[in-house]
2 protein chains.
Amino acid sequence: MAEDLLGWTEIDTGTCSVARAVEILGDRWTVLVLREVFNGVRRFGDIQTHIGVSRSVLAQRLATLKEQGVLERRPYQEPGDRVRHEYRLTPLGRGLQPVLVALNNFGDQFLSGPDGPPVLLRHADCGALVSAALVCADDHRVGPREIRLELGPGARPRA
Amino acid sequence: MAEDLLGWTEIDTGTCSVARAVEILGDRWTVLVLREVFNGVRRFGDIQTHIGVSRSVLAQRLATLKEQGVLERRPYQEPGDRVRHEYRLTPLGRGLQPVLVALNNFGDQFLSGPDGPPVLLRHADCGALVSAALVCADDHRVGPREIRLELGPGARPRA
DNA sequence: CAGTATCCCAAGCGATACTG
DNA sequence: CAGTATCGCTTGGGATACTG
């Protein structure tokens with residue numbers, strides 16, 4: 001993700017992780033649906049009215065996310081109420097949290113109106129604001145220009 | 001982004017930062033274009049052949065990204081060659097790096113084939129792998145469940 | 001090379017009506 | 001409530017041809 005092209009242009013980008021991730025998150029509605037579920041809105045009707053999408057589209061997105069293993073549909077029951085269903089994140093779905101947080105950060109920093117961000121994400125422990133930061137496995141903070149691209153084992157030359 | 005709904009369901013989500021960010025990154029092609037530019041592929045033709053998109057679509061996406069202030073088109077000249085144009089990230093565009101890295105991480109972790117990821121992001125300084133991690137402004141690492149949602153100054157009730 | 005213009009087909013979408 | 005089915009409309013997208 002930096003100034004680099006050591007063969008990057010010669011590999012098949014269809015197998016790239018970003019491309020694969022985008023096949024899940026590829027459209028606006030899907031991202032918004034996931035935001036709702038991350039924020040605790042889990043019922044069909046609640047999601048629908050909150051993001052203002054048509055029922056058919058929501059049903060289709062939820063079905064796809066279920067097929068992909070991002071969400072699961074499970075029955076639950078509040079005392080004295082009839083059985084309902086809710087959508088929960090699977091471990092795969094939870095893996096998307098940094099993406100959602102990074103999107104939220106970006107919007108906060110660059111796209112907020114004069115009043116500032118509408119939603120704040122706070123660290124439950126200390127109350128400080130949360131962001132998705134670049135770090136390395138040796139626990140250093142990584143600056144924007146400090147990323148070196150390297151081909152991995154799954155790289156395939158393109159036809 | 002955690003178990004929470006302290007009024008979240010009552011605010012207008014159209015102004016949410018995630019929604020605003022998705023208006024820029026909302027479709028597959030745009031994300032792939034940005035990946036190319038982050039990876040140093042900056043010329044129209046190179047981007048086009050590398051991601052396999054039609055010229056009309058690429059032109060439209062680049063125009064939109066330029067309008068939105070994510071990319072800028074600038075002339076440059078290699079010695080002995082004629083003038084060319086290239087697309088560069090603006091500061092706004094660079095702000096999207098954590099999103100791209102988070103998408104890449106997600107694909108690596110959850111969607112890679114048996115051979116592992118096709119591309120590795122390394123910290124230029126130490127060579128360790130880079131990821132987009134949740135941290136707070138007080139520099140703590142933040143666990144997936146340790147985020148508390150709070151309404152910010154820009155929150156608007158929904159109609 | 002880096003686009004723009006046109007054509008035409010496929011997909012996405014909301015509105016509405018229907019179902020368990 | 002939580003969907004599915006159908007209907008048109010609008011948009012997206014590749015292919016092709018054209019332009020500076």
Side-chain angles (χ1 to χ4, degrees), chain A residues 5 9 13-14 19 22-34 36-37 40-68 70-88 158-159, chain B residues 5 9 13-14 19 22-34 36-37 40-68 70-88 158-159:
Chain A
L5 48 174
T9 48
T13 56
V22 164
E23 262 172 75
I24 290 182
L25 281 178
D27 81 303
R28 304 169 189 311
W29 291 127
T30 301
V31 178
L32 298 183
V33 169
L34 288 170
E36 295 303 311
V37 179
V41 183
R42 303 194 176 92
R43 288 196 303 260
F44 189 94
D46 293 342
I47 299 172
Q48 198 234 322
T49 61
H50 201 212
I51 70 182
V53 66
S54 69
R55 280 194 297 280
S56 27
V57 170
L58 177 57
Q60 194 267 324
R61 291 300 186 280
L62 288 170
T64 303
L65 288 168
K66 205 171 43 173
E67 276 173 40
Q68 292 168 324
V70 176
L71 296 181
E72 59 183 4
R73 183 171 182 269
R74 62 159 81 161
Y76 78 104
Q77 190 157 16
E78 278 169 13
D81 206 348
R82 67 185 172 86
V83 177
R84 294 284 195 77
H85 291 270
E86 61 177 1
Y87 292 89
R88 309 281 308 204
R158 62 203 193 89
Chain B
L5 48 175
T9 49
T13 56
V22 164
E23 264 173 72
I24 290 183
L25 280 178
D27 80 304
R28 297 160 153 59
W29 290 128
T30 301
V31 178
L32 298 184
V33 168
L34 287 171
E36 295 301 314
V37 179
V41 183
R42 303 192 177 93
R43 287 196 302 259
F44 188 94
D46 293 342
I47 299 172
Q48 198 234 322
T49 62
H50 201 213
I51 70 183
V53 66
S54 69
R55 280 194 298 277
S56 29
V57 170
L58 177 57
Q60 194 266 324
R61 292 300 185 280
L62 288 170
T64 303
L65 288 168
K66 205 172 44 175
E67 275 174 39
Q68 292 168 325
V70 175
L71 296 180
E72 58 183 6
R73 184 171 181 270
R74 62 158 80 160
Y76 78 104
Q77 191 158 14
E78 279 170 11
D81 206 350
R82 68 186 172 87
V83 177
R84 294 284 195 79
H85 292 270
E86 61 177 0
Y87 292 89
R88 310 280 308 203
R158 62 202 193 87

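Hydrogens, waters and symmetry mates are skipped; everything else that's a heavy atom, side chains included, is used. Numbers restart at 1 for each chain; the letters A, B, ... are given by sequence-line order, proteins then strands.
- A straight line from CG of Leu58(A) to P of dT16(C) spans 18 Å, rounded to a whole angstrom.
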Kindly indicate, with the supporting measurements, whether the criterion side-chain contact (heavy atoms from CB on, under 4.5 Å) is fulfilled by Glu36(B) and Thr13(A). CA-CA 10 Å; Glu36(B) 295 301 314; Thr13(A) 56; 4.0 Å; yes
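- For the side-chain contact (heavy atoms from CB on, under 4.5 Å) criterion with Val70(B), the lone passing option out of Thr64(B), Leu65(B), Leu25(B) is Leu65(B).
- Formation of a donor-acceptor pair under 3.5 Å by the Arg55(B) side chain with backbone atoms of Phe44(B) is not found in this model.
- Straight-line distance from the CD atom of Gln60(A) to the P atom of dG14(C): 11 Å, rounded to whole Å.
- Within 4.0 Å of Arg28(A), counting heavy atoms only, lies no atom of the nucleic acid at all.
- A sub-4.0 Å separation between OP1 or OP2 of dG12(C) and a side-chain N or O of Trp29(A) is absent.
- Base pairing of dG20(C) is made with dC1(D), judged by Watson-Crick or G-U wobble geometry with both donor-acceptor distances under 3.5 Å.
- Note on Glu86(A) versus Arg84(A): no salt bridge recorded, every NZ/NE/NH1/NH2 to OD/OE distance being 4.0 Å or above.
- For the pair Arg73(A) (side chain) and Ala63(A) (backbone), a donor-acceptor distance under 3.5 Å is absent.
- Put simply, CG on Asp27(A) is 11 Å from C1' on dC13(C), counting in whole angstrom units.
- Residue contacts shown for Arg73(B) are limited to sugar-phosphate atoms, with no base heavy atom under 4.0 Å away.
- Side-chain atoms of Ser56(B) and Gln60(B) form no donor-acceptor pair, as typed in the model, at a separation below 3.5 Å.
- Here the range on DNA chain D touched by chain A, meaning any atom under 4.0 Å from one of its heavy atoms, is dC1(D) to dT4(D).
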